[in-house]
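Residues take their numbers from the sequence shown, with the count starting at 1.
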Amino acid sequence: MAKRKVTWSFTARNDRKEILQYWRSRNKSVRYSKKLNTLFKDAAHQIINFPEAAPLSDFEGVRVKPVKDYLF
């Protein structure tokens, strides 16, 4: 079986970075940003292992998974 991976678009990488920076700045702490980043990584692993469990988006071949208030 071929090894699967999540391919992040430039926009997705930038949005993720901005989300984590926002929470770090708002909370004056990295604690919540680290927790949120862990949730994002866990969601990526779930999509890799069970891609059919994540619904397809409006873009061909792109799946989404809700993580807190974000579609990952």
Cluster check Val64, Val6: I/L/V/M/F/W/Y, side chain < 4.5 angstrom
no
Checking the side chain of Asn49 only, and the main-chain atoms of His45 only, is there a donor and an acceptor separated by less than 3.5 Å?
yes
Side-chain heavy atoms nearer than 4.5 Å, only ILVMFWY residues, links allowed to pass through others: does that put Leu20 and Leu71 together?
no
Determine whether a donor-acceptor pair (N or O, by modelled atom type, separation under 3.5 Å) exists between the side chain of Arg13 and the backbone of Trp8.
yes
Below 3.5 Å, can you tabulate the donor-acceptor pairs from side chains in residues 53-63 to any protein atom, sequence neighbours excluded?
| from | atom 1 | to | atom 2 | distance (Å) |
| --- | --- | --- | --- | --- |
| Ser57 | OG | Phe59 | N | 3.1 |
| Ser57 | OG | Phe59 | O | 3.4 |
| Ser57 | OG | Val62 | O | 3.1 |
| Arg63 | NE | Pro51 | O | 3.1 |
| Arg63 | NH1 | Pro51 | O | 3.2 |
| Arg63 | NH1 | Ala54 | O | 2.6 |

Taking it one step at a time, do Lys35 and Arg31 satisfy side chain to side chain contact (heavy atoms under 4.5 Å, CB included)?
CA-CA 6 Å; Lys35 285 182 181 181; Arg31 181 178 283 160; 4.3 Å; yes
Sorted by chain and number, sequence neighbours left out, ring-ring contact (aromatic ring centres under 6.0 Å, His included) with Tyr32 holds for Trp23
With the side chain counted from C-beta on, respond yes when Asn37 and Arg16 share a heavy-atom pair under 4.5 Å apart, and no when they do not.
yes
List the atom of Leu39, the atom of Lys68, and the distance in Å for their closest heavy-atom pair.
CD1-CE, 3.8 Å
Same hydrophobic cluster for Val30 and Ile19, using side-chain heavy-atom links shorter than 4.5 Å among ILVMFWY?
no
Between Leu36 and Tyr70, is a side chain to side chain contact (heavy atoms under 4.5 Å, CB included) present by the stated rule, with each step listed?
CA-CA 10 Å; Leu36 193 56; Tyr70 308 101; 4.0 Å; yes
